[in-house]
Amino acid sequence: MIATMRPHLPEAKKLRYRMARRHPPWMCFFVVVGQGAALRMRAVEWQDIVNHRPSANGNVATGVREKQRKRPPKHCRVPQPQDHSEVDARLRAREARLTKMDKAVRLQRVVAQWIPFATAYLTHSRAVLADTGLFGPYDIYNPVNAHLLARWLVTRLACVDWQLCERKWGRSFLFPALCGLKRFLPRSGQRAMLSRRLREYCDYKRLPFGLLRVTSPDKESARVLRRVLVQYINSATRYSLVEKSWLKSRIRVQVGKSRTFKSFWNHVQVAERASLTSLETLSMDDMTSIMSGQQFLRSEKNWDYRYRLTFAERAQYIRDETLKGLRSLGLSRRELTGLHSTVSTSLRSSVEVDRLLARQRRSADAYSHETKGMQFYRLRRAVVPDDKNKRSAWILPKLAYQVLCLAFVCLSNTWTFVKYSRAYANSLLLQRMKDTLGAPLSARLGLHDGVWVLPYVYTTLKSKCFYDGCKVGRCCQKLAHSCVRKICSYAKWPKRRVWQCFNRGADVILRHMCPGFEAHGLKDATVKLREGLRDLDVPADPHTCLRCQAAKQRFVAIVADAGQFYEEVAPQRALEAGFAVFSAAASAGWKGVAVARTRKFFGFLTCDLQGGRGKFVRLGLSDIFAAFSTAISVSLVSVGQAVAMLSGLPIGGLMSKLASSMVLCQEEENWKTSHMRRLRAGFYSLRQSWRRTVCHVRYVDDVFLGTHSFCKDCLVDLLLHVYEERFDVAENEFPLHFLDMVVGSDKCLTPKRKVLQIPPPWATWGKGGNRGYYNQWSSKNWNQSNWSGGNQQSWGGKGGSSSFDAGMAYAMLLGDREKSTRRQSRKKRSHRDEASSDSSRSSSADNRKRSKQSSKIKRELAELRAFKEKTEQAAVEEHKHKELKELEHRLWERLQSTTAHAKPAPPSSADAEQIVLSGPQRRLAAKMLAGAISDQSSVQAWADIVTAVESMEGRQLLEVLRSEGLATPRACKERQAALLAHLQTELEIKALRVISCDELGIGAALNQSGLGDNFYSHGVQTEHSPRFHETFEDVYCRDLPELPFWVVAGNHDHRGNVTAQLAYSHDSKRWNYPSPYYNLTYEWKAGDGAMRTLELLMVDTVLLAGPSDDSCLGCDLPGPPNAAHADSQWQWLASKLNSSKADFLWVAGHYPIYSAGSDGTTRVLVEKLLPLLRANGAHYLSGHDHMLEHIVTNGVEMFVSGMGRECCYGTQMIHTVPEGAIRYLISGHHGGGPGIGPKPKESVHGGFASFRFEDDEVEVTFHDQKGDGLYSARVPARSTSPREIVV
């Protein structure tokens, strides 16, 4: 609440305390801030403390206790002059005293930190001699000299007589007192040395130094386990009372991980006993029976259910944990007699365990029916997990599972059995790893002699190969396909967390130096797929393949899988790819990676490897590469009792996924950056961007390709050109399934259909089941509109796919839970009544637990009721949403019925979903439709409604107003009153936002003009877009702080929302865009005293000629999108040109009339605009083509300035310009292409044009990015004599 500059100083603490006492927190919040020297500020704080001493009730003490001082009236309150000299003298005195105190504290700190034992002993001897006249020796074991004992304990090679120390201190147990010596040791190293001494003392007392940690099977048994431990510690005769009290304080009972039925999976143990001799002695019939899967059983049950311990299993669990904890204390077996009966008695007398067993008995029938036989399969069979569905399992004979493990290794092309023993293979692999890593890194990774590093192999079964949906049996039809997944486990490796840090460090390097098209997770894959589909460009003819000219669909996509990808990638290829990535990082100047200790993927490249221990682990590039090469070079694994050698990467390896990603990412980067390679293969890029041509996303070995430019066969060929590995392309058509997503033919992305499984009651409710299930389900919003972005999702069960209302189903489920909860609460109340009558269970602690349990049940019931109300409220909101849609449709019908304006098309369903009106706004709209509002006083309320609505209808209404000539600022001011009255009855309310604007001021001179393409490459969507600040406000407002900008729209702006750029004019003082087309007039006094006038007409050429297509360079534009609006603009332009009396008349637009650039000449402007300019003596300036041009034809001067982004386009369309018309031209990369006029002296990366208007002419200059002049031309003023009127 109250902050000071130095919170660690005592003066600041006192000030905070007294300020808080003076000002209660509910009255005000304030911050004390000061600036000045440190000593001065501390003295000011001390002065404030002295002057404001609060009393007990928080008020400032007055010094008069018997009577409160009466405050004088206001007219007598005269401020007394303050003597600043006296205050300043006090502050200076306080500063001197603080300086002296700081020196003493600094000296004390130095003494406390650096004086060794000998110096401290000598200093103490001198002090005692000066005080008492006695001179040593001094007993360091005396409690008076505890500071000397602390120094002695942290001295190396110091011997301590613990028995003498106990006798001197008068205690039989010194551990708590020795812990208190840490106050004399300010340094962390000294405290660590004291901890070693404490460990020696515990060894002397034969006591454990650390905490006594034991694990309880569940929360209900934790108190029983602690009670048994305390009971046996109290009965031990070897410990004193102090030692027993200390031991009991060191007990820590933790609730272990919930045991599920997955703990009965024994596939790893069965696989370790596999032997090649059993495979050799097997008959052919038995081998055929096993490989065909005749004896396999597929378990459809959920093995994630929590296993319920019986009373005997619970007692045995607690006995084992108690025995482990008490043996760590050194108790003999004789002292542990009667442990079985003690644990059983404690369990039977526990109220929590009784309640748990009672809850389990109520659902015992359902539990036993659901989990029947699941815990007994492991006795004679092998329980093997499914490859995809980790909750289900396969049941098969143990011999059959061992045969599968060995047989598919024999059938694999990359696995070979070798005649090594497991011990010899382990020693060979360990020595190879130590030689690769070196001694320091091997010690860091825990690779010392005798460590077991040989990975073992187990397999999981693939359902698609052994289950066809009807019966169990091998149904795989692929030749040489591995129907099991061979997984190599590195669980026995030491320091696996350190290996994982190296893995994350290599992953960080790969992401920064060679990202490719890889997605790092399912969430990242969804984001990249959505963005890639959104940014795809559409060619001129999307139904024809650009590569083979074959007919195709508008959008084509394929999904491919690499199959046995890990086994096909050789470690040598992965090492070469990794070396290239690490070399690129070293060439860029990076020295290592900082990896977070806690977060899984968080890390960054760094140049500093000297950071201390903290939140990050700093790893060098050489160490990471050594660990990477060692991990992927592991080629020996144990398959049961045999040893196999791998020629590829193992599945489940520590860095196998990273190694495969390096290989694929390097291939993808080579394809993405090699433009000539793509051209030779026939894959052309739209707008020189492969990302906009093909949506390419890969997650591990699953690849998605989507495009508008190529056919399906070409996409299949694309995989062969990009990757060296073989990919299997899915043959199914749309919709395509990629990971957890479904892609439609319209590029619509939805989640994959899943089976909604409602867990049974005993698994979702109460402490006897998985409590996390209830939290996961109750926290979800089960409204169907929340699935897949508002679209309803069909959820298919076993009976087929059908639309399922998850919210109503779960509400019914919770209703049943509420009834059962009430029934359980009644039983618990009766149970508590019985327990209260029993004298052995009527303690105050049990009563508190019962009351706590009852309050918890009440809270759970309240949560259930709240969730049911939430579900009902969702249904009501859905009904209101439908009413709102009907209201919006009526608004559009009202707009279409008007006769004074054009009728825009009604909004599409996708745009209508974006319209959101609040409750008051909806009521105002309803009143307007009903005719209840007819006066102009409600116009502001209507405007508030308009500001909340953002959709494409606003842009259509703006076009309506443009056609009527109402969208200009001057028209807004002149006809505002008449328009408001007209719009109340004729126009839709959102038009008020467009016309109720203020007139914009016009400067005295033209400063800056934007000729379109203001925001590459898809414009902006709203006036609040960050692009306004990133590419305009934060750039030009810094370099040109006072110049206004007048802009028009280009073809890239029309790909976004031009209305947003119009609306931003109201939010910015420098961005001026009042209308799609407008005129500017400027006047100045010439040298002869006469006035000169400039009139600049800003036109939107995209509305006149149509949008351009980047995939078809030089093609004719398609024509205006709205012929009526284009005719209106042509008439306005002709009227302005014919009636203008200005000395200088110029027209500015985005498209050029003539241009030699790749975009070429605009035919519509040549036919219509050029005659108007020639007849009225006007000239033209434009952009669009990224180059600088000066073209003169028939007396019309045309300047093209489009190098604001880059330089330059080529001269592909120079043949469209009349011969001899080009006076100046710069083209090619950085201005190095063909040109006309003076050559640039340096490389040109960008440029602009400036216009200087003088008395009788205007000087036009082309500049480069530095402002240096490239070319200059002079254009005379126009003659104002009458001319031919062109309409």
Side-chain angles (χ1 to χ4, degrees), residues 215 256-275 303-304 378 382-387 390-391 393 398 401-402 404-406 408-409 415 420-434 436-437 441-461 484-504 506-507 566-567 571 597 600 627-628 630-646 648-660:
T215 304
K257 185 178 180 180
S258 299
R259 185 182 181 186
T260 63
F261 283 92
K262 284 185 178 181
S263 60
F264 298 112
W265 290 356
N266 58 349
H267 58 288
V268 175
Q269 294 79 7
V270 175
E272 288 181 349
R273 293 193 293 268
S275 176
W303 290 74
D304 258 344
R378 60 173 180 169
V383 185
V384 185
D386 189 82
D387 184 56
K390 301 303 181 182
R391 292 185 177 182
K398 294 183 179 181
Y401 180 64
Q402 295 173 356
L404 285 179
C405 295
L406 298 172
F408 279 100
V409 170
W415 292 60
Y420 294 160
S421 65
R422 297 176 63 191
Y424 176 74
N426 179 73
S427 61
L428 184 63
L429 183 60
L430 178 62
Q431 186 61 38
R432 186 188 303 172
M433 295 173 64
K434 293 171 67 175
T436 305
L437 293 172
L441 196 56
S442 298
R444 183 176 183 180
L445 294 171
L447 298 178
H448 50 80
D449 295 337
V451 174
W452 192 268
V453 294
L454 185 66
Y456 61 88
V457 178
Y458 66 91
T459 61
T460 58
L461 271 67
V484 298
R485 189 179 299 276
K486 301 178 290 292
I487 301 176
C488 299
S489 177
Y490 292 69
K492 296 182 180 180
W493 275 31
K495 302 292 185 66
R496 293 192 65 208
R497 290 192 175 182
V498 183
W499 282 100
Q500 291 172 359
C501 286
F502 281 98
N503 187 15
R504 295 201 300 269
D507 191 16
Y566 281 91
E567 299 179 1
R597 296 178 185 271
K600 187 175 182 181
F628 170 74
T630 302
I632 67 175
S633 300
V634 175
S635 58
L636 295 176
V637 295
S638 65
V639 186
Q641 302 299 320
V643 178
M645 179 177 293
L646 287 76
L649 297 176
I651 299 177
L654 285 180
M655 296 190 183
S656 296
K657 178 181 179 297
L658 181 64
S660 62

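Position 1 is the first residue of the sequence, and the numbers go up from there.
Checked by atom type and distance alone, the side chain of N503 pairs as donor or acceptor with a backbone atom of L654 at under 3.5 Å. Checked by atom type and distance alone, the side chain of W493 pairs as donor or acceptor with a backbone atom of V453 at under 3.5 Å. Judged by distance alone, the side chain of N266 and the main-chain N or O of A382 form no donor-acceptor pair under 3.5 Å. For the pair D387 (side chain) and T459 (backbone), a donor-acceptor distance under 3.5 Å is absent. Within the 3.5 Å criterion, the main-chain N or O of R273 finds no donor-acceptor partner in the side chain of Q641.
Considering every non-hydrogen atom in both V383 and A393, the closest pair reads CG1-CB, 3.9 Å. Across L649 and S656, no two heavy atoms sit closer than the pair CD1-O, 3.9 Å. Here the shortest heavy-atom pairing between P455 and L429 reads CD-CD2, 4.0 Å. Nearest heavy-atom pair across L437 and S442 is CB-OG, 3.5 Å. When all heavy atoms of G652 and I487 are compared, the pair lying nearest together is CA-CG2, 4.5 Å. Listed here is the closest heavy atom pair of V643 and L636: CG1-CD2, 4.3 Å.
Between atom CG of residue L646 and atom NZ of residue K486 there is a gap of 9.0 Å, rounded to the nearest 0.5 Å. Atom CG in L404 sits 11.0 Å away from atom OG1 in T460 (nearest 0.5 Å). Residue W303 holds its CH2 atom at 8.5 Å from CZ of F264, rounded to the nearest 0.5 Å. With values rounded to the nearest 0.5 angstrom, F628 atom CZ is found 5.5 Å from L658 atom CG. We find the NZ-OG distance between K492 and S638 to be 7.0 Å, quoted to the nearest 0.5 Å. Considering CG of L445 and OG1 of T630, their distance stands at 8.0 Å, rounded to 0.5 Å.
Looking at W452 and R422, their side chains come closer than 4.5 Å, going by heavy atoms from C-beta outward. In this structure, the side chains of V457 and P650 stay at 4.5 Å or more apart for every pair of heavy atoms. Looking only at side-chain heavy atoms (C-beta outward), V270 and Q402 come within less than 4.5 Å of each other. At a threshold of 4.5 Å between non-hydrogen side-chain atoms, the residues Y401 and V384 count as touching.
The pair D449-K434 meets the salt-bridge criterion, with a side-chain N (NZ, NE, NH1 or NH2) lying under 4.0 Å from an Asp/Glu carboxylate O.
The aromatic rings of Y458 and Y456 sit tilted relative to each other, their planes meeting at an angle between 30° and 60°.
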- Item | L441/F502 under side chain to side chain contact (heavy atoms under 4.5 Å, CB included): CA gap, chis, key distance, verdict | CA-CA 11 Å; L441 196 56; F502 281 98; 3.7 Å; yes
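Partner Y490 forms a side-chain contact (heavy atoms from CB on, under 4.5 Å) with one of V634, V637, L454 and no other, that one being V634.
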